[in-house]
Amino acid sequence: MDEVIKIINDLKAGNIKPIYFLMGEEPYYIDKLTEYIENTILTEDEKGFNQTIIYGRDVDIEDVISNAKRYPMMAERQVVVVREAQELLRTIDKLEAYAENPQPTTVLVFAYKYKTLDKRKKLFKLIAKHGVLFESKKMYDNQVGAWINKLLQSRGYSIEPKANAMLVEFLGNDLSRISNELDKLKIILPKGHTITANDIEYNIGFSKDFNVFELQNAIGSKNQLKAYQIVQYFAENPKDNPMVLTVSLVFGFFVKLLKYHGLKDKNPKTVAPILGVNPFFMKDYDLALRNYPMKKVSSIIATLREIDVKSKGVGANSLPNHDLLKEMLVKIFS
């Protein structure tokens, strides 16, 4: 995010480069930077003649270069945006000659999603020299919570740890989807509001009481009644609670618990970042640590692997997911 802010600040200050090559696995920042350039470099009057949006699947590199070499009309510069530029992967090296001597009155933007340029090649070095090369890397799940906090803070909001965990649990590291859901809350909730689990449940549709996060807590605290109630809810709402995701997240919980058992230093402040857990939830892991000895945790992990295989139709004789979830709980609590 810091690199994105720097690029935007440079643009605001008038330090505008002739090429912006935005690449990488995470499309969120590529889209945001592309939109910012489209919306701010030119005035509305200038855009009609001087802003061109093209798509990689519809053009070749020669078309891109031809557009980039045009001169602006009644404006200081023109903007050429190549969306879905990764479609030009096979011929992108033909951009070398242009990148060596880019048109100074053109701002050429490549939205090169899910791919990256080879850093060893001449093209990479030329763009880095004359323009801006930005790689948008996929965020790890354990980084998303902090990202949500930072994003909301920039918008004048805050969020409770449980509500934050719910978003990460249901949306994973899909930053675009998370941002869209937070935009919905921004419309409904006043600035300065602290987003709660109730806000998430009522406005986005994730149950604050019947979700994998609460299932983990019920399992960790050995609250069998609540665990079976949640599993029953999952069985009645299979589309919102896919079996594969449920088993995967419970598996991840016990893997972290196994790692916790193996740590000599069990100070919550040092353990939380190692496990990739919000410090607020360390008390839940502490309770689970007492409830499940290391040997039992290892056994549960093996069980969850078996359940995962069965859920994918291997050796399960087409058992309903509900029965598999019950089997999972029986073996965990036994």
Side-chain angles (χ1 to χ4, degrees), residues 1-24 26-88 91-92 94-114 117 123 126-136 151 154-157 175-177 179-180 182-187 191:
M1 185 180 269
D2 291 341
E3 191 177 353
V4 174
I5 292 170
K6 183 182 182 307
I7 293 171
I8 290 175
N9 286 340
D10 283 343
L11 288 166
K12 286 179 179 177
N15 182 16
I16 300 171
K17 301 295 185 180
I19 303 177
Y20 288 83
F21 204 99
L22 314 174
M23 61 185 187
E26 177 50 66
Y28 176 78
Y29 285 119
I30 294 174
D31 287 337
K32 288 298 178 185
L33 284 171
T34 302
E35 288 171 13
Y36 185 83
I37 291 171
E38 288 178 12
N39 293 335
T40 61
I41 297 294
L42 302 176
T43 66
E44 289 302 317
D45 291 337
E46 292 171 335
K47 286 179 184 177
F49 291 108
N50 297 291
Q51 184 151 291
T52 304
I53 311 293
I54 52 182
Y55 289 82
R57 65 177 176 271
D58 299 328
V59 297
D60 54 32
I61 283 293
E62 287 76 12
D63 296 322
V64 174
I65 294 171
S66 175
N67 275 282
K69 284 185 173 180
R70 287 188 294 120
Y71 288 98
M73 294 180 61
M74 296 176 290
E76 185 179 348
R77 41 175 74 87
Q78 68 156 341
V79 174
V80 178
V81 176
V82 187
R83 292 179 179 165
E84 308 298 337
Q86 69 275 7
E87 298 290 339
L88 298 169
T91 57
I92 196 68
K94 292 182 180 180
L95 189 65
E96 278 183 15
Y98 180 83
E100 196 158 14
N101 186 28
Q103 185 80 355
T105 55
T106 294
V107 179
L108 177 58
V109 182
F110 288 87
Y112 199 79
K113 298 179 182 178
Y114 316 112
L117 291 179
L123 178 61
L126 286 171
I127 295 175
K129 180 180 178 181
H130 298 292
V132 170
L133 257 173
F134 169 71
E135 183 177 354
S136 185
L151 180 66
S154 71
R155 296 178 178 181
Y157 294 83
L175 302 190
S176 296
R177 192 175 170 200
S179 179
N180 288 339
L182 292 176
D183 283 340
K184 294 177 187 175
L185 293 177
K186 184 180 171 184
I187 295 170
K191 206 163 188 177

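Quick caveat, the model's predicted, so the values are computed rather than measured.
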For a 4.5 angstrom cut-off between non-hydrogen side-chain atoms, does [X] reach [Y]?
X	Y	answer
Q51	E38	yes
L22	F110	no
T52	V81	no
I54	R83	no
K69	I65	yes
Y36	I7	no

To the nearest 0.5 Å, what is the distance between [atom1] on [X] and [atom2] on [Y]?
X	Y	atom1	atom2	value
M23	I127	CE	CD1	8.5 Å
L95	L117	CG	CG	9.0 Å
K47	T43	NZ	OG1	8.0 Å
Q78	Q103	CD	CD	7.5 Å
H130	K17	NE2	NZ	10.5 Å
R77	I41	CZ	CD1	6.5 Å

Exam field: side chain [X] to backbone [Y], donor-acceptor pair closer than 3.5 Å:
X	Y	value
N15	L11	no
N50	P72	no
Y29	E26	no
S179	L175	no
T34	I30	yes

Salt bridge (Lys or Arg N to Asp or Glu O under 4.0 Å) assessment of K94 paired with D60 = CA-CA 10 Å; K94 292 182 180 180; D60 54 32; over 6 Å; no
Is the charged tip of R155 near the ring of Y157: under 6.0 Å from the six-membered ring centre and within 45° of its axis?
-> no
side-chain contact (heavy atoms from CB on, under 4.5 Å) with V82: which of I61, V109, I53, L88?
-> L88
Side chain to side chain contact (heavy atoms under 4.5 Å, CB included) between V107 and Y20, intermediate numbers included | CA-CA 7 Å; V107 179; Y20 288 83; 3.8 Å; yes
More than 12 foreign heavy atoms under 6.0 Å from CD of E35: is that the case here?
-> yes
From F134, Y98, Y112, residue fulfilling ring-ring contact (aromatic ring centres under 6.0 Å, His included) relative to F21 = Y112
With a 4.0 Å cut-off, would you call K6 and D10 a salt bridge?
-> yes
Least distance between heavy atoms, I37 atom then V79 atom = CG2-CG1, 4.2 Å
Looking at A99 and I19, what are the two nearest heavy atoms and their distance?
-> CA-CD1, 3.9 Å
